[in-house]
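Here is the naming used below: chain letters follow the sequence lines, and residue numbers restart at 1 for every chain. Being a predicted model, the structure only gives us computed values, none of them experimental. Values below: every heavy atom of this structure, side chains too, minus hydrogens, waters and symmetry copies.
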4 protein chains.
Amino acid sequence: MSCFTKMPNSIADLKNVVFWRDVLVEVLGTGILLTWITFSFVTFNPDHYQPNTTTLGLFVGFLVFILIETLGPYSGCHMNPAVTLGFFLNGHLSIARSIFYVIAQCSGGAGGSALVYALTPASKRHMFHAITPSADVSLAQAIGHECIFTFLLVFTALFLTLPSRKSVNPGFPLGFCVGTSIMCGGTYSGSTLNPVVALGPAVISRNFHDHWVYWVGPLCGGVVAFLLFKAITVVGDKFEKPNN
Amino acid sequence: MSCFTKMPNSIADLKNVVFWRDVLVEVLGTGILLTWITFSFVTFNPDHYQPNTTTLGLFVGFLVFILIETLGPYSGCHMNPAVTLGFFLNGHLSIARSIFYVIAQCSGGAGGSALVYALTPASKRHMFHAITPSADVSLAQAIGHECIFTFLLVFTALFLTLPSRKSVNPGFPLGFCVGTSIMCGGTYSGSTLNPVVALGPAVISRNFHDHWVYWVGPLCGGVVAFLLFKAITVVGDKFEKPNN
Amino acid sequence: MSCFTKMPNSIADLKNVVFWRDVLVEVLGTGILLTWITFSFVTFNPDHYQPNTTTLGLFVGFLVFILIETLGPYSGCHMNPAVTLGFFLNGHLSIARSIFYVIAQCSGGAGGSALVYALTPASKRHMFHAITPSADVSLAQAIGHECIFTFLLVFTALFLTLPSRKSVNPGFPLGFCVGTSIMCGGTYSGSTLNPVVALGPAVISRNFHDHWVYWVGPLCGGVVAFLLFKAITVVGDKFEKPNN
Amino acid sequence: MSCFTKMPNSIADLKNVVFWRDVLVEVLGTGILLTWITFSFVTFNPDHYQPNTTTLGLFVGFLVFILIETLGPYSGCHMNPAVTLGFFLNGHLSIARSIFYVIAQCSGGAGGSALVYALTPASKRHMFHAITPSADVSLAQAIGHECIFTFLLVFTALFLTLPSRKSVNPGFPLGFCVGTSIMCGGTYSGSTLNPVVALGPAVISRNFHDHWVYWVGPLCGGVVAFLLFKAITVVGDKFEKPNN
């Protein structure tokens, strides 16, 4: 695919101190994200008129927005293998960077959840649980749901980082891509849109049942997003004059 | 009306690949909008302290915002025949573009709802229902409500796309024109502000009872918005020096 | 006070078509604001887990934001006699403009509420009621509350329209000055922050009991905001070099 | 530490009228913040389906955002000793300014709470209470929680005020750093992220039990944030070319 002709060089990346800084930033960003999300398992109380998916959507939306604003200028602050896959397919990242980003995200995510686990007394640890599709949802439906919802996230990420969109600040819309999906479908498959968001809680609750669903769904969504993004932008590149 | 003197040429549009790309983007945008909205029929649970119109207003507001940010630079991302009518009256669109946009919106909207229908098991499909005015609201009231609420949306859209407002990002205010209207009046007529938002659920629930209300109300709102917009801007064009 | 030396000329205003356009825009903006707010009296249902002040704060916040974005470049879109008083004291408005703005706001506000009243069937009109302090709040407390909360609104409005703040878009923070005050204290005095928001419902419910509270409180808040604004900016004007 | 080489001069500060204006702005900003927060103790009613931490997170988030927008260009509008500590460590503030800011924040905070206390009739004053960790949380957990949550706030503040981030408006993300932390963990330790937010209610309820927790936790968070900020930026300063 022509998009790989401009792919950055992996060897150059691995020799660069800035590359390793970016990998550690990715660990840190994903770690903060999973610390907050795992912590909410202990504090959310649906019996106290706490409107679960509304609050969760708002709080995760704002958190993703803040992290992209803060750490985005370093590593891009993907915090999500599906986003990294989308940018890799579009030629933004070298193979080495893509692989180390996913490793960093998994380590950071598991580490963030583990930090919360360690700080929680044994008597309350039963409140941690893996994110799983709700009882009446088939696995195919959960995968379809995660795929469709992650599609919008990666699709938006690809468009908002186009050079022609420099005036737009991508953090807020991207944060609320996640937020709106949680508000819309959080009670269905869990609306992780992100394998790592499922990984952290799975690690600390030692429950990997159906965990693969949260890898297959989001990654498929990332591929679909890339293909549709390419189809739309290729027309403009060929037939439009560059705007501005 | 003088605004039509600058109307783009329909024939030139139909011969242009970019025009057809824009039509497909309109199908895609409206399709995503209706996929999310239709999906929420299955996941929203008012018995679980889910504050219906608050969550719905926030989630649709953020979704419209994200779609305008992402796809707006291509087709304008109207996703709404009433908005297309407003821009057509103001001379932004050729006749061909207006007609194909409305066809695209209807196809995309029905397609988005149908996709959710197909992915939902037969046992849960009874949760889909057409959007209808609440029981104690007369048809005239529902039309008036849809007209007034859509008026604000199209009115805002016309002002925020004026060349003198280039510094303002229209996606966020337009998204929350929809969001605020749902929060204010969602339990009354449904606050669609958009014929296509009523069309998708009507198709999959095969219930077109009172469906025309959601065409007459919003389209009237679009016409009123255009007339008031024209009345305000015409004074400035004649008597003010251009600002900046 | 020196701020009046730069006050615009009233006679010049009254002869100008653009001035009368601005007055009509003020009627329209306040009319839309009161239409939405009055409408929410009929649709809000506290029995249905509708979290009153949260939803109300969000919906009014977004509405004020949208109206300032849309109509602000014409009349300033004050929609509030307390804001007009603050800008008059700071020398932005002629005497004629200030008087006609307040008349426009009262007409628009009463008109907006009356429109909703007319469109509501007689059987539901009992749902309209004047905004009054809650039962256990003394009048002095209600005035103090309205004064403190309106203070923040006018204070913010004066700072965000300073020439040195051109890069900041004042609509969103001003909208959520109102929104945050409603969320914080809506169940106390009503958190109108605006005499006209109390006037509209008072007119249609023909209940002017304690109505003066909503004039005295907000207008005092506007005066206090101006005095503190002046105290802070005068130091910078005298002792700082102009920034940028 | 090298960051202190560029530290402003304390003596020059103390002789400057603008410095004392900034200190008074800090009193005013923290005073407004605590007035609103303390007021919400009287108006929030969890029995009335008021979703406590959601509403509180939204209302405090918007309030912090508005205050930073309005007063930030004068004193920086820290309103928080932990933020002042972070900026002091990074060399933004002289020793004198740091000390007087903390004194100003404590005075403003206590004053804001006292104002609300004075305006509340004796019969309702029992509703005021100190912010304390919830019953089943150990002090170590509460400190850890306050430390982790304040870390994100100060971390974000340090990055968003970097000269290379001039295009970003820090008020909104910083406000919602506080907002998202309240939504996530408000029912746990109280999520003050700020010693002064605990100080005001402690003063008026004369209850300083465990109050030190809200000084140790946030100040530790500020130090950790500074160290991680330094570790990330030092790599870029040494190995990257300046962007833009």
Side-chain angles (χ1 to χ4, degrees), chain B residues 46-55 57-58 61 134 136-138 140-141 144-145 148-149 151-153 155-160 162 164-165 167-170 172-189 191 228-229 231-236 238-240 243, chain C residues 16-22 24-25 28-29 31-33 35-46 48-52 54-75 112 115-116 118-121 123-124 166-169 171-172 175 179:
Chain B
D47 297 336
H48 203 268
Y49 312 118
Q50 186 71 274
N52 254 323
T53 53
T54 311
T55 311
L58 284 170
S134 76
D136 50 354
V137 172
S138 74
Q141 288 177 307
H145 174 214
I148 289 174
F149 279 36
F151 153 75
L152 184 63
L153 174 64
F155 191 66
T156 302
L158 288 167
F159 277 105
L160 296 188
L162 278 172
S164 59
R165 305 287 180 94
S167 68
V168 174
N169 212 338
F172 192 64
L174 288 177
F176 281 94
C177 260
V178 181
T180 196
S181 297
I182 292 174
M183 288 190 225
C184 175
T187 57
Y188 198 76
S189 78
S191 279
L228 263 166
F229 164 78
I232 290 172
T233 49
V234 90
V235 175
K238 276 207 185 151
F239 296 94
E240 271 182 338
N243 53 335
Chain C
N16 192 338
V17 178
V18 172
F19 169 77
W20 294 105
R21 191 263 327 259
D22 290 355
L24 289 175
V25 164
L28 181 66
I32 294 174
L33 181 67
T35 302
W36 258 245
I37 289 178
T38 310
F39 191 72
S40 73
F41 285 34
V42 182
T43 55
F44 271 33
N45 182 358
H48 203 269
Y49 312 117
Q50 186 72 273
N52 253 322
T54 312
T55 311
L56 199 61
L58 284 170
F59 123 66
V60 176
F62 282 120
L63 185 60
V64 171
F65 156 53
I66 290 160
L67 289 170
I68 293 176
E69 287 281 344
T70 305
L71 300 176
Y74 298 99
S75 69
L115 175 68
V116 177
L119 292 174
T120 305
S123 66
K124 288 187 118 185
K166 269 201 173 154
S167 67
V168 174
N169 212 338
F172 191 64

Exercise. Measure B:Ile148 against the heavy atoms of chain C and call it side chain, backbone, both or neither at under 4.5 Å.
Key: both
Quiz prompt | B:Leu158 versus chain C, the contacting section by heavy-atom distance below 4.5 Å | solution = neither
Exercise. Output the distance between atom SG (B:Cys184) and atom CZ (C:Phe39), rounded to the nearest 0.5 Å.
Key: 6.0 Å
Practice problem: Measure B:Ser181 against the heavy atoms of chain C and call it side chain, backbone, both or neither at under 4.5 Å. | Solution: both
Quiz prompt | Per-residue contact mode, C:Ile37 against chain B (heavy atom under 4.5 angstrom) | solution = neither
Quiz item: Mind checking what makes side-chain contact (heavy atoms from CB on, under 4.5 Å) contact with B:Ser189, not counting sequence neighbours?
Solution: B:Ala142, B:His145, B:Glu146
Quiz item: Going from OG1 on C:Thr70 to CG on B:Leu174, what distance comes out if it is rounded to the nearest 0.5 angstrom?
Solution: 8.0 Å
Practice problem: Determine yes or no for a side-chain-to-main-chain donor-acceptor pair under 3.5 angstrom, with C:Arg21 supplying the side chain and B:Ala231 the backbone. | Solution: no
Exercise. Against chain B, label C:Leu28 side chain, backbone, both or neither, depending on which of its atoms sit under 4.5 Å from a heavy atom there.
Key: side chain
Quiz item: With a 4.5 Å limit on heavy-atom distance, are the side chains of C:Phe172 and B:Phe176 in contact?
Solution: no
Quiz item: Taking only residues two or more places apart in sequence or in another chain, which ones pass side-chain contact (heavy atoms from CB on, under 4.5 Å) with C:Val17?
Solution: B:Val235, B:Phe239
Quiz item: If you count heavy-atom pairs under 4.5 Å between each of C:Leu115, C:Leu119, C:Asn16 and chain B, which one has the most?
Solution: C:Leu119
Quiz prompt | Part of B:Leu228 within contact of chain C (heavy atom distance under 4.5 Å) | solution = side chain
Quiz prompt | Structural part of B:Ile232 lying under 4.5 Å from a heavy atom of chain C | solution = both
Quiz item: chain C heavy atoms under 4.5 Å from B:Phe149: which part of the residue, side chain, backbone, both or neither?
Solution: both
Practice problem: Please look at C:Ile32 and chain B and tell me whether the side chain, the backbone, both or neither of the residue comes under 4.5 angstrom of a heavy atom of that chain. | Solution: side chain
Quiz item: side chain to side chain contact (heavy atoms under 4.5 Å, CB included) between B:Thr156 and C:Glu69: does it pass, once the steps are laid out?
Solution: CA-CA 8 Å; B:Thr156 302; C:Glu69 287 281 344; 6.0 Å; no
Quiz item: In terms of heavy-atom pairs under 4.5 Å with chain B, which of C:Ile66, C:Val60, C:Leu67, C:Thr120 leads?
Solution: C:Ile66
Quiz prompt | Side chain, backbone, both or neither of C:Val116 within contact of chain B (heavy atoms, under 4.5 Å) | solution = neither
Quiz item: Does any non-hydrogen side-chain atom of B:Thr180 lie less than 4.5 Å from one of C:Phe65?
Solution: no
Quiz item: Yes or no on side chain to side chain contact (heavy atoms under 4.5 Å, CB included) for C:Leu63 and B:Leu152, after CA distance, side-chain angles and deciding distance?
Solution: CA-CA 10 Å; C:Leu63 185 60; B:Leu152 184 63; 3.7 Å; yes
